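Report on the structure given below.
No experiment lies behind these values; they were computed from the predicted model shown.
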Amino acid sequence: MTKPAIAYATKYDVIIIGAGHAGCEAALAAARLGVKTLMLTMSADTIAQMSCNPAIGGLAKGHLVKEIDALGGEMGKAADATGIQFRILNRSKGAAARGSRCQSDMYEYHKYMRRVVENQQNLTVHASTVEQLLFNGAKAVGVRAADGVEFYSKTIVITTGTFLNGLIHRGTERIEAGRVGEPPSKGITLSLAQQHLRMGRLKTGTPARLNSQTIDWEKTETQWGDQPLPKFSFWDSEILLRQVPCHVTYTNEKTHQVIQQNLHRSAMYSGAITGVGARYCPSIEDKIVKFADKDRHQIFLEPTGLESLKIYPNGLSTSLPADVQLAFLQTIPGLEEVEIIQPGYAIEYDFVLPNQLKPNLESKDVESLFMAGQINGTSGYEEASAQGIIAGINAALKVKQEAPFILKRNEAYIGVLIDDLISKGTNEPYRMFTSRSEYRLLLREDNADQRLSEKGYQVGLLAKEYYEHVQKKQKQIFQLTTDLKNLKITPTAAVNEELEAYGEAKLKTGIDALTLLKRPQLGINNIQGFQFMKEKINWTDYPRIIQEQVEIHTKYEGYIVRQQQELKPFDQLERIQLPEHLHYEHIPGLSREVIQKLQEYRPVNLGQASRISGITPAAISVLNIYLKNMKKHSEAKVS
């Protein structure tokens with residue numbers, strides 16, 4: 001029986017549904033922009049809970065964290081404060097391919113983020129389960145909780161993670177849950193369907209949690225973090241916790257044999273799961289079947305916290321029953337006597353097809369309704385947080401009646417993420433990769449603050465002191481670059497002798513130090529070490545981070561110039577806006593397939609239209625000509 005409605009006295013500007021990684025960034029962004037914000041969560045004890053792996057960052061994901069930080073978000077600071085191992089992945093490769101990652105104390109991460117959220121001005125946290133969304137026609141106006149209380153707001157941001165009709169699978173076992181021990185959310189899906197939003201079903205999974213005291217660590221490889229410790233945040237965060245190693249082990253023929261013999265008991269392979277799983281983060285069952293030629297798979301044994309016995313075996317996600325999980329785990333070196341604290345499982349959940357969203361993450365069909373995180377078809381804490389900060393900013397801007405805040409795909413990985421979702425959609429959990437960005441040489445981790453801090457400051461999210469810090473940094477980069485360019489080196493015998501010692505060709509004519517730095521075998525450290533450079537530049541004036549930036553800029557200069565040239569046609573298409581209610585069926589020269597795609601996706605400009613699968617260059621040309629004729633006709637009528 002439906003409980004009678006009780007209207008909550010306070011009217012809010014923004015309501016955030018969910019307190020996961022997307023919800024936290026959305027709530028903090030909205031509140032910091034000065035609007036009255038309410039975060040609704042089933043329990044404050046699960047704020048920013050790391051439901052899956054206890055880590056932040058990784059390849060491309062590290063870019064997202066640093067971009068969130070550059071805009072004024074919290075994830076980078078939280079990662080630094082609660083990280084127990086820090087590494088730069090792909091360190092041997094170029095700067096554009098590197099990715100920061102930290103192993104997190106998941107309990108300290110939750111406590112840190114809960115403290116920040118609960119102490120944020122303009123933000124109220126309320127423990128309540130949302131049962132229904134409230135609409136006035138095609139506009140979101142509030143929510144109704146399970147206890148009958150109604151909360152009203154000018155905007156709503158849904159960040160429900162895996163909770164929408166969540167269903168846990170473990171062998172033949174089925175449990176309705178959004179997470180282990182937590183009930184699913186059912187009413188929100190129904191509310192969205194009533195607004196004719198198209199929904200889909202996805203699946204993700206997690207491995208068993210292991211008892212560290214039952215692992216023979218001598219049989220595993222030890223993997224320590226980097227020194228010096230690489231921070232995520234560009235600002236005043238500190239790495240506070242004791243650093244610990246992870247360990248590496250491998251599956252083997254016996255492991256694979258146990259899994260093969262029990263595939264029929266896997267929820268994945270029995271047909272019980274209908275949702276589509278992540279292609280790039282497969283279960284161990286998938287690995288055994290799809291990569292049958294591999295005789296072993298790498299497993300990272302990751303601590304979940306400094307005071308916790310739980311170990312996360314990264315690489316062993318599964319939907320097999322608990323007895324089979326224990327059986328295959330005990331075939332792995334170091335895990336022969338292992339005990340399971342919590343078995344792994346797969347979980348299915350509903351999501352909204354993301355091509356129904358605008359670039360600001362507002363629904364195209366339901367005004368004032370924003371969505372961020374796994375509800376949009378993504379996987380990962382970092383992808384969720386990136387959407388959360390954008391949705392939170394834009395919900396606040398809508399309340400203030402200000403223009404939307406949109407990052408283009410040539411400006412940020414966050415822009416790539418959102419543009420991919422709304423332009424291409426997804427039928428599987430979307431994961432960010434560096435290969436998804438055609439402008440990755442420009443969008444490096446190391447320059448996220450230089451790319452985005454001004455935008456964060458202008459929108460009102462980034463503190464003035466942080467923005468001024470970046471301005472000072474850019475001036476120092478410019479000054480050191482100028483110093484090197486102005487320093488002329490003549491081809492003396494002493495100079496050539498030093499160059500030969502580094503395996504470099506002799507100079508035949510004079511050269512400036514900046515041009516010398518472009519040589520592949522020479523880095524900024526080598527340049528400083530040359531005797532002929534001593535006392536020419538006061539290197540103590542330039543911190544290490546400034547020197548590294550000058551080296552990267554110099555090495556990448558030719559590629560960057562070329563990529564900036566390639567951006568010109570992109571920018572031209574992005575500037576040509578498509579009217580929201582354009583009747584594509586009336587435009588001569590467009591095929592039926594193109595018309596159907598344009599009507600379904602409703603792109604906001606020609607650039608976005610060009611990235612929709614099935615939209616040909618010829619169709620873009622037809623649209624461009626049609627829009628130009630529309631403009632001429634409109635101007636003629638005015639005159």
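With Asn394 contributing its side chain and Glu362 its backbone, the two residues share no donor-acceptor pair below 3.5 Å. The main-chain N or O of Gly373 is found under 3.5 Å from a side-chain atom of Gln387 such that the two form a donor-acceptor pair. Asp13 contributes a side-chain N or O that, together with a main-chain N or O of Lys36, makes up a donor-acceptor pair within less than 3.5 Å. Looking only at distances, a side-chain donor or acceptor of Ser610 sits under 3.5 Å from a matching main-chain atom of Gly607. A side-chain donor-acceptor contact under 3.5 Å links Tyr556 to the backbone of Ala95. Looking only at distances, a side-chain donor or acceptor of Asn90 sits under 3.5 Å from a matching main-chain atom of Ala97. Proximity of a side-chain donor or acceptor of Glu445 to a complementary backbone N or O of Lys66 within less than 3.5 Å is not detected. Although no hydrogens or angles enter the test, the distance criterion places a donor-acceptor pair under 3.5 Å between the side chain of Asn119 and the main chain of Arg115. In terms of modelled atom types and a separation under 3.5 Å, the side chain of Glu131 and the main chain of Gly187 share no donor-acceptor contact. Side-chain atoms of His21 come within 3.5 Å of backbone atoms of Gln49 as a donor-acceptor pair (strictly under, hydrogens ignored).
Side-chain contact of Ser233 with Asp80: a donor-acceptor pair under 3.5 Å is absent, judged by distance alone.
Counted within 6.0 Å of NZ on Lys472, heavy atoms from surrounding residues, nucleotides or ligands total 12 or fewer; the atom is thus considered open. Within 6.0 Å of NZ in Lys186 there are 12 or fewer heavy atoms belonging to other residues, nucleotides or ligands. Under a cut-off of 6.0 angstrom, the local environment of CZ in Phe478 is sparse, with at most 12 non-hydrogen atoms contributed by other residues, nucleotides or ligands.
One finds no salt bridge joining Glu438 and Arg611 here, because no Lys/Arg side-chain nitrogen approaches an Asp/Glu carboxylate oxygen to under 4.0 Å. The pair Glu600-Lys597 fails the salt-bridge criterion, with no side-chain N (NZ, NE, NH1 or NH2) lying under 4.0 Å from an Asp/Glu carboxylate O. Asp571 and Lys408 are joined by a salt bridge, as a carboxylate oxygen and a charged side-chain nitrogen come within less than 4.0 angstrom of each other.
Minimum heavy-atom separation, Tyr109 to Thr82: CD1-OG1, 3.3 Å. Of all non-hydrogen atoms in Ala177 and Ile347, the two that sit nearest each other are O-CD1, 3.5 Å. When all heavy atoms are compared, the tightest approach of Leu33 to Val459 is CD2-O, 3.3 Å. Contact between Arg431 and Arg436 at its shortest, heavy atoms only, is O-NE, 2.7 Å. In this structure, Ala372 and Ala391 approach most closely via the heavy-atom pair CB-CB, 4.0 Å. When every heavy atom of Leu627 is checked against every heavy atom of Pro579, the shortest pair comes out as CD2-CD, 3.9 Å.
Using a 4.5 Å heavy-atom cutoff, the side chains of Thr159 and Val157 are in contact. Lys77 is listed as a side-chain neighbour of Tyr112, based on a closest heavy-atom distance under 4.5 Å. Using a 4.5 Å cut-off on side-chain heavy atoms (C-beta onward), Met199 and Val352 make contact. Asn360 is not listed as a side-chain neighbour of Leu397, based on a closest heavy-atom distance of 4.5 Å or more. In this structure the side chain of Leu71 never reaches within 4.5 angstrom of the side chain of Leu462, judged on heavy atoms. Side-chain contact between Ile612 and Pro603: present, with at least one pair of heavy atoms (C-beta onward) separated by less than 4.5 Å. At least one side-chain heavy atom of His553 sits less than 4.5 Å from a side-chain heavy atom of Gln450. The side-chain heavy atoms of Phe405 and Lys455, taken from C-beta on, include a pair separated by under 4.5 Å.
Under the side chain to side chain donor-acceptor pair (under 3.5 Å) test applied with Asp365, the options Gln356, Gln195, Arg602 reduce to a single match, Arg602.
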Task: Steps toward side-chain contact (heavy atoms from CB on, under 4.5 Å) verdict (Phe234, Val470) - done: CA-CA 9 Å; Phe234 293 102; Val470 177; over 6 Å; no

Task: Full working for side chain to side chain donor-acceptor pair (under 3.5 Å) between Asp449 and Ser453 - done: CA-CA 5 Å; Asp449 58 335; Ser453 63; over 6 Å; no

Open item on the list: Determine whether Lys231 and Ser237 satisfy the following criterion, side chain to side chain donor-acceptor pair (under 3.5 Å), listing intermediate values before the conclusion.
Closed with: CA-CA 8 Å; Lys231 281 202 328 164; Ser237 67; 3.1 Å; yes

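For the atom pair CD (Gln103) and OG1 (Thr304), the distance works out to 9.0 Å, reported to the nearest 0.5 Å.
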